Each structure stands twice: as C-alpha cells, then as structure tokens.
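Everything below concerns the one structure shown next.
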Amino acid sequence: MLSNQIISWYLQNKRDLPWRETKNPYQIWISEIMLQQTRVASAIDYFNRFLEQFPTISDLAKAEEQEVLKLWQGLGYYSRARNLHTAAKTIQLEYNGVFPDSYKEILKLKGIGTYTAAAIASFAFNLPHAAVDGNVYRVLSRLYGINKAIDSTEGKKYFQAIASETMGNAIPEIYNQAIIEFGALQCIPRNPKCDICPLLANCFAHNNAQVDQFPVKSKQIKTKNRYFYYLFLSCKNRFLIEKRKKKDIWENLFQYPLIEYDKPISTNELLQTSEWKELFGNNELVIHSVSENVIHKLSHQNLHTKFIHIEMDIDKMKYGYIIINHSDISEYPFPKLIEDHLNIMNKNNP
DNA sequence: AATTCGGGGCA
DNA sequence: TGCCCAGAATT
C-alpha cells in the first residue's frame, strides 16, 4: 500500500526537528505558521526564540504586537505574525486559553487555512485530515501524473480529494509528516532522487520521463519596480523613523522617512520634489552622503533604493516621526532592507 | 479568479 | 536569473 511505503521511507529518513519533539498544539501551531512559504532551515532559530519569549498562548496574547513583529523580523510575510497575535487573543477570549481541538474550529482562526488546519489537527490531535502543501502537490502530481494546475480552484479541490484517498486509513499524524518530508527530501523540485526512490515503479512522471513537467502551474509572477529614497536623518546617536501603516509591504514595521517615486531620479531631482520641500521646508541640513543603488528583491517587487544620509537638527522635523537612539534599535521591528543599512551604520560608527 | 503579502537557497 | 519554499487573506 502506498501510504505504508511512504511511512516506511519516513521512519528511516526523517530529520530531527524541534517541532517534532512536541504534541503541544500551541508549539505546533507556531511552527506551521512559520513554515508557510518558508524553508525549514530558515524557521528553526525563529521557532526556538519565539517559544522562549512566548512559552504559552497566554504570553503571546498579552504581548504587544510590536514585540511579536520584532521576533519575526527577517522571516518575511509579516501578516503571519500579526494574525498569529490576533488568533492568540481569540483563543484566550473565546476558547478560555485552550487551543481548539477540531479541524473546523482551528480553521476559523486568523492566518490558518486548509493546509495549516489539517496539519495542526493531525499533528497535535491525530485527526484524519490530509495536509496538502507544496510538497504534497509535487509528490502526488508526479506519482499519478496529475496535470491539473495546483494554483487553480479546481486543481486544489482535486488534489485535496486525491490526498485524502492516498492517506486512507493510515495514522494521520505520521502519514502527513511522512509525505511532506518525502517531498522535502526525496521528491524535490529539481533533480529529484529517483535513483533511490521507493515509489519508482509506480511513478507516472518517472515512467514517462516527465518528472520535470510536474506539478503544473497556470499563473506566472510578474514583478514591479519601485524606487525608494530613504532619508537617514541623524544627529549624533539619534535618528528618525516612522511606522508603515498602509496596506502595503511591511505593514506595521518601521523605516526611515521615505520618498517613493514612480521612476528613478537623481539626487538633485529629489531635492526639487514636493515631498522633499514638504518634509524639510527651510530647515538647514547637510547631505552627508548618498548610498549606491541597493536593489532589494521581493517575490513581486524590485525595490531600487538609495539611502540619503542627512545631518540636521532633527528636533526641528515636523510632527509624525519618532526620534530613537541607536541603542534602542532592538525595540523596533525593521524590514531586512533597513536592518542591513542599520548594521552598516553601526559598523562604521560603533 | 487574480493579486499581494518577504526573504533566502539553489542550479 | 527564475523557481520554489510545511499558504493565506484580500480584492
């Protein structure tokens, strides 16, 4: 039986991962959120730090969002951290602090979709729900030669049904881990290890020399270019930041005052913009330096960025910005782009 | 149904 | 460089 073959492979090849040492639904929940669109290797340190600072649901629910985001700094997809915090407060209020133990209730929580609900339900409570993630799409599509697009509504529904069938009566908590691990280590995206695959004889993709044709995706990503001019306004050990509040990248993270333009412009042109004039008025300032163009690449955006280092009396800046000391950086969550610049400034001026 | 949300690893 | 990663929410 297929599920037994996969489980057998798993028991011989599985990795030791911190979230596999617990049945605590809270800890499993944290791991699953962190692992959304994120590699295992990237998540491990974040997982350990997070549980050290927030050992229980109650600790997380009582925290400030800013603390949660700070722990998430660098991991990306920050709505995960905001939703995690929201859901912790929901569990505290509506479930008396006890993590819900049914798929239906788990699915209601903010930031938990069908995959994560099935994962938690099976890993923590051994409930029979097939968890279908990117690994499972890849394994099943190759095994059965399924050419339905995994990013279409029809495809998702179809794969969910096939996944449930394939799971059969296998032990959910083990089977789900097994097929996911199989996809992560054995049936990997490029150059899968078919030469040592236990499912080789029954694999449609391999038997038809189409391993690189699965899974099928319909949409393709297109990237936009944005042009950021970050103003590093410093005076001795202090500088200005602001909180990003719009529904855009990095919501509720902090950054330097920003002038964004729809096309690249020179520093001289920047000085003529209405944004610049609005910002500084007649204040005296000295442009200490202008950085090289830093291209920060996100999945859907290329951020062409320059850091303008300006020395001035920052107490004369208009209301709306936060003046912080360099020693207080650890209290504010910053995007990687800003974090990198802060590290450079810190290295040059310790 | 299509778009948007980070950042890193790898051939 | 392009693709993908233990996806979900929003439009």
Side-chain angles (χ1 to χ4, degrees), chain A residues 10 14-15 17-20 28-47 69 72-84 86-87 106-123 129-139 149-157 159-160 163 173 175-185 187-192 212 214-215 217-224 226 244 246-253 295-303 333-340:
Chain A
Y10 174 68
K14 67 182 179 131
R15 294 167 288 182
L17 300 173
W19 43 87
R20 285 189 178 150
I28 290 170
W29 172 41
I30 301 301
S31 75
E32 288 304 330
I33 301 299
M34 286 187 172
L35 288 166
Q36 288 169 2
Q37 296 292 286
T38 305
R39 294 173 190 283
V40 164
S42 303
I44 290 177
D45 289 346
Y46 283 89
F47 176 79
L69 285 171
W72 213 268
Q73 177 175 312
L75 197 56
Y77 283 164
Y78 299 95
S79 65
R80 294 184 294 174
R82 299 194 305 271
N83 290 337
L84 198 59
T86 299
I106 295 171
L107 186 59
K108 286 183 187 171
L109 295 169
K110 199 78 170 168
I112 296 184
T114 53
Y115 161 74
T116 304
I120 298 172
S122 61
F123 300 155
H129 295 271
V132 183
D133 72 336
N135 294 301
V136 176
Y137 280 125
R138 187 167 54 253
V139 172
I150 63 172
D151 53 356
S152 69
T153 303
E154 184 200 355
K156 286 174 186 168
K157 190 176 173 185
F159 273 94
Q160 184 69 53
E173 58 180 320
Y175 170 77
N176 277 338
Q177 287 281 1
I179 190 167
I180 291 170
E181 189 80 332
F182 186 79
L185 299 181
C187 194
I188 52 182
R190 276 172 303 186
N191 303 324
D212 59 345
F214 296 99
K217 267 188 157 179
S218 60
K219 307 181 185 73
Q220 54 185 356
I221 59 169
K222 45 189 173 185
T223 61
K224 292 179 181 173
R226 299 172 73 177
R244 290 180 65 91
K246 295 175 185 171
K247 289 195 180 296
D248 190 3
I249 56 172
W250 305 328
E251 184 180 339
N252 290 1
L253 273 66
I295 303 178
H296 188 71
K297 294 194 167 191
L298 307 179
S299 295
H300 297 74
Q301 302 182 24
N302 295 329
L303 308 179
F334 298 104
K336 181 69 163 52
L337 180 60
I338 300 292
E339 182 189 359
D340 287 347

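A note on names: the letters A, B, ... follow the listed sequences, proteins ahead of strands, and every chain is numbered from 1. Excluded from the calculations below are hydrogen atoms, water molecules and symmetry mates; all remaining heavy atoms, backbone and side chain alike, are included. None of these values were measured; they are calculated from a predicted model.
A heavy-atom distance below 4.5 Å is not found between the side chains of A/Val136 and A/Phe159. Taking the side chain as every heavy atom from C-beta outward, A/Leu75 and A/Arg80 approach each other to under 4.5 Å. For the pair A/Thr116/A/Ile33, a side-chain contact is recorded, criterion being any heavy-atom separation below 4.5 Å from C-beta on. With a 4.5 Å cut-off on side-chain heavy atoms, A/Met34 and A/Thr38 do not count as touching. In this structure the side chain of A/Tyr77 reaches within 4.5 angstrom of the side chain of A/Gln37, judged on heavy atoms.
The side chain of A/Lys156 contributes no N or O atom lying less than 4.0 Å from OP1 or OP2 of B/dA1. Taking only side-chain nitrogens and oxygens, A/Lys247 never comes nearer than 4.0 Å to OP1 or OP2 of C/dA9. Put simply, A/Arg138 has a side-chain N or O that comes within less than 4.0 Å of OP1 or OP2 on C/dC5.
Looking at heavy-atom distances under 4.0 Å, A/Leu17 makes contact with a base. Counting any heavy atom pair closer than 4.0 Å across all strands shown, A/Thr114 reaches sugar-phosphate atoms only and no base atom. Within 4.0 Å of A/Trp19, counting heavy atoms only, lies at least one base atom of the nucleic acid. Looking at heavy-atom distances under 4.0 Å, A/Lys219 makes contact with a base. Residue contacts shown for A/Thr116 are limited to sugar-phosphate atoms, with no base heavy atom under 4.0 Å away.
We find that NZ of A/Lys14 is positioned 18 Å from P of C/dA6, with the value rounded to whole Å. If you take CG of A/Leu35 and P of C/dC4, they are 19 Å apart, rounded to a whole angstrom. Atom pair A/Ile188:CD1 and C/dC4:P shows a separation of 13 Å (rounding to whole Å applied). Following rounding to the nearest Å, A/His129 (NE2) and C/dA6 (C1') show an atom-to-atom distance of 18 Å. Rounded to a whole Å, the CD1 atom of A/Ile180 is 12 Å from the C1' atom of C/dG7. Note: NZ (A/Lys217) to C1' (B/dT3) measures 14 Å, nearest angstrom. Straight-line distance from the CD1 atom of A/Ile221 to the C1' atom of C/dC5: 12 Å, rounded to whole Å. Taking atom CG of A/Asp151 as the reference point, atom C1' of C/dC4 lies 13 Å away to the nearest angstrom.
The residue among A/Ser31 and A/Leu109 whose nearest nucleotide of DNA chain C lies closer to the 5′ end is A/Ser31. Mapping A/Gln177 and A/Ile112 onto DNA chain C by nearest heavy atom places A/Gln177 closer to the 5' end of the strand.
In terms of heavy atoms, A/Tyr78 sits closest to A/Trp72 at CE2-O, 3.4 Å. Scanning both residues, A/Asn176 and A/Ala118, for their nearest heavy atoms gives ND2-O, 4.2 Å.
Distance check on atom P: C/dT11 versus B/dG6 gives 15 Å, rounded to whole Å. Nucleotides B/dC5 and C/dC5 have their C1' atoms positioned 15 Å apart, rounded to a whole Å.
Judged by distance alone, the side chain of A/Asp151 and the main-chain N or O of A/Lys217 form no donor-acceptor pair under 3.5 Å.
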Heavy atoms under 4.0 Å is the rule here; annotate nucleotides 6-11 of chain B 5' to 3' with B where the base is hit, S where only the sugar-phosphate is, and - elsewhere. BBBBBB
